[in-house]
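Both ligands and their constituent atoms are indexed starting at 1 by order of listing.
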Amino acid sequence: MPGLRRREERRHAGRHPWAGRALRHGRSQDGGVSIPTRAAGLDALDDFVPRAGGAYARDRNHDPGPDRTNVSGLSPYLRHRLVTEHEVVDAVLSRHSLAAAEKFVQEVFWRTYWKGWLEQNPEVWRRYRVEVADLLAGDLPAGYEDAVAGRTGIEAMDAWASELVETGYLHNHVRMWFASIWVFTLGLPWQLGADFFYRHLLDGDAASNTLSWRWVAGLQTAGKTYLASASNISRFTDGRFAPSGLATTARALDEEPLPPRSPLAPDDVVGEVGDRVGLLLHEEDLEATSLLAERPGLLPEITATAVHGDPGERSPAGASDVVAAFTAAALEDAAARTRGQGGRPGRVLADALPATVVAWATSEGLDTVVVPCAPVGPVQERLVVLRRALGAEGVALVTVRRRWDSIAWPRASRGFFPFKKQIPELVRQL
Ligand SMILES: Cc1cc2nc3c(=O)[nH]c(=O)nc-3n(C[C@H](O)[C@H](O)[C@H](O)COP(=O)(O)OP(=O)(O)OC[C@H]3O[C@@H](n4cnc5c(N)ncnc54)[C@H](O)[C@@H]3O)c2cc1C
């Protein structure tokens with residue numbers, strides 16, 4: 001399966017991984033090339049804040065191409081919590097009123113909404129994982145290889161496939177058009193499109209990606225699909241693309257009914273904290289300082305810190321080199337910022353295998369490993385296995401959920417519109 005990914009990357013070969021637009025606003029190293037660090041994310045935020053008010057509301061749906069400045073490009077940082085949702089909303093609201101920055105703040109809360117919804121409907125993720133594995137293991141549908149290689153003959157789709165593979169980023173409107181054309185014009189399974197995005201997006205996120213693809217396909221809001229049209233594409237790409245031959249109807253897909261919602265875990269901290277505590281960060285949350293500041297007194301002195309991650313768990317076909325390089329650099333950055341006893345910097349573990357974490361924990365003489373709570377997705381799956389492996393050695397795994405998630409997720413039980421109404425109240429509380 002990794003062969004599939006390599007073929008995609010060779011076909012779109014060309015630019016330096018960090019030449020991607022998503023990183024353009026980050027701290028420059030040389031010649032404007034940016035790096036995946038918290039400092040770069042904070043710089044990107046500073047740079048964007050003045051544009052987060054009326055300008056964002058007016059221009060955000062346009063995609064002028066890779067040099068765009070009308071959207072923030074913060075998603076790779078937010079997705080790894082190199083920069084948190086709280087910091088982003090706080091920075092924007094210290095410059096603009098909530099009324100002026102309403103659109104931008106709502107978009108940040110879309111991310112939170114999707115995560116809270118999937119948390120309460122994990123069956124959607126379970127099915128997606130099984131269906132992607134089955135589809136990739138079977139005969140790939142006709143047209144799939146051309147679509148991921150940028151050879152559909154639809155100029156816009158082919159350009160967007162290349163942009164995705166080369167830079168790890170696509171504008172939101174492009175993601176909607178791409179998904180719509182994939183499902184309704186090319187007739188390809190939505191799960192394979194979601195998998196293609198997930199493997200290549202720097203911000204690839206189990207909730208935002210899977211649920212947005214479902215929304216386009218008419219599964220998320222049952223019966224309501226999103227149909228891309230040439231006129232809309234032409235208008236919002238400022239005439240760069242006006243594809244012909246697109247589907248003119250979009251019949252919603254259907255699925256087996258979902259089971260009832262699962263309640264969220266009531267406790268923010270799960271597990272008993274002992275005396276010799278290690279802190280283990282992962283790619284869902286790489287900002288320990290603000291996480292621990294929310295729980296004063298929870299932990300004794302931290303004996304040792306480590307960081308681990310494996311973006312390859314996103315798909316049976318792995319993750320792209322661009323994603324792998326971003327994640328590796330983000331883990332290094334988090335390790336350097338997260339200190340244990342005597343100011344010792346964190347260690348980046350060689351891999352995310354349970355045995356590697358167990359070896360680290362026992363070499364440090366730990367009785368507890370504390371991790372940030374991981375939402376539904378591959379890291380949560382990894383932590384389930386890790387809890388058992390550590391438990392077998394007498395080491396407890398303790399998860400800590402952020403206040404942001406604890407307060408907002410329970411409200412994501414229905415559609416986005418009822419959730420959206422609660423944003424002013426959420427902002428006050430958070
Ligand atoms: C088919 C499809 C797949 C997507 N897959 C992902 C994904 O894997 N990961 C991901 O983070 N986003 C995903 N999105 C949402 C959205 O496209 C990106 O978050 C956004 O384009 C990121 O660019 P930005 O940071 O410049 O956004 P801005 O417009 O500057 O928004 C600021 C932040 O708000 C959040 N946000 C904005 N729009 C959305 C949205 N519609 N849904 C959820 N969060 C949003 C992001 O964290 C973003 O960084 C997907 C959308 C679609 C239609």
Nearest non-hydrogen atom to [atom] belongs to which of [options]?
{"atom": "atom 47 (O) of ligand 1", "options": "Leu78, Val89, Leu170", "value": "Leu78"}
{"atom": "atom 43 (C) of ligand 1", "options": "Lys115, Arg111, Arg68", "value": "Arg111"}
{"atom": "atom 13 (C) of ligand 1", "options": "Arg314, His173, Arg175, Arg214", "value": "Arg175"}

Exercise. Run the numbers on Arg337 and Thr37 for side-chain hydrogen bond (donor to acceptor under 3.5 Å, both in side chains), then give the verdict.
Key: CA-CA 10 Å; Arg337 284 184 285 105; Thr37 63; over 6 Å; no
Within-cut-off N or O pair, [X] and ligand 1, under 3.5 Å:
{"X": "Asp203", "result": "yes"}
{"X": "Ser75", "result": "yes"}
{"X": "His171", "result": "no"}
{"X": "Val71", "result": "no"}
{"X": "Trp213", "result": "no"}
{"X": "Tyr169", "result": "yes"}

Quiz item: Given Leu201, which of Val322, Asn209, Thr167, Val323 fulfils the side chain to side chain contact (heavy atoms under 4.5 Å, CB included) condition?
Solution: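 In the set Val322, Asn209, Thr167, Val323, the residue that makes a side chain to side chain contact (heavy atoms under 4.5 Å, CB included) with Leu201 is Asn209.
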Side chain, backbone, both or neither: [X] near ligand 1, heavy atoms under 4.0 Å:
{"X": "Asn209", "answer": "both"}
{"X": "Asp205", "answer": "both"}
{"X": "Phe104", "answer": "side chain"}
{"X": "Tyr56", "answer": "side chain"}
{"X": "Trp114", "answer": "side chain"}

Strictly below 4.0 Å, N to O, side chains only: are [X] and [Y] in salt-bridge contact?
{"X": "Lys115", "Y": "Glu85", "value": "no"}
{"X": "Arg111", "Y": "Asp205", "value": "yes"}
{"X": "Asp268", "Y": "Arg403", "value": "no"}
{"X": "Glu163", "Y": "Arg68", "value": "yes"}

Quiz item: Heavy atom of Val216 under 4.0 Å from ligand 1?
Solution: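 It does not, in that no heavy atom of Val216 comes within the 4.0 Å cut-off of ligand 1.
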Quiz item: For ligand 1, is Met176 a contact, meaning one of its heavy atoms is under 4.0 Å away?
Solution: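 So Met176 counts as touching ligand 1.
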Any idea how [X] and [Y] line up, ring-wise: parallel (<30°), tilted (30 to 60°), or perpendicular (>60°)?
{"X": "Trp404", "Y": "His86", "value": "perpendicular"}
{"X": "Tyr128", "Y": "Tyr198", "value": "perpendicular"}
{"X": "Phe326", "Y": "His80", "value": "tilted"}

Quiz item: Do Phe241 and Trp160 make the cut of ring centroids closer than 6.0 angstrom?
Solution: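 Yes; Trp160 has its ring centre under 6.0 Å from that of Phe241.
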Exercise. Determine, using ring centers only, whether Phe419 and Trp114 are less than 6.0 Å apart.
Key: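 That pair fails the under 6.0 Å test.
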Quiz item: Which ligand 1 atoms, with their elements, are less than 4.0 angstrom from a heavy-atom of Gly73?
Solution: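 The list of qualifying atoms is 24 (P), 25 (O), 26 (O).
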Practice problem: Provide the number and element of each atom of ligand 1 under 4.0 Å from a heavy atom of Gly204. | Solution: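 Selected atoms, number and element: 8 (O).
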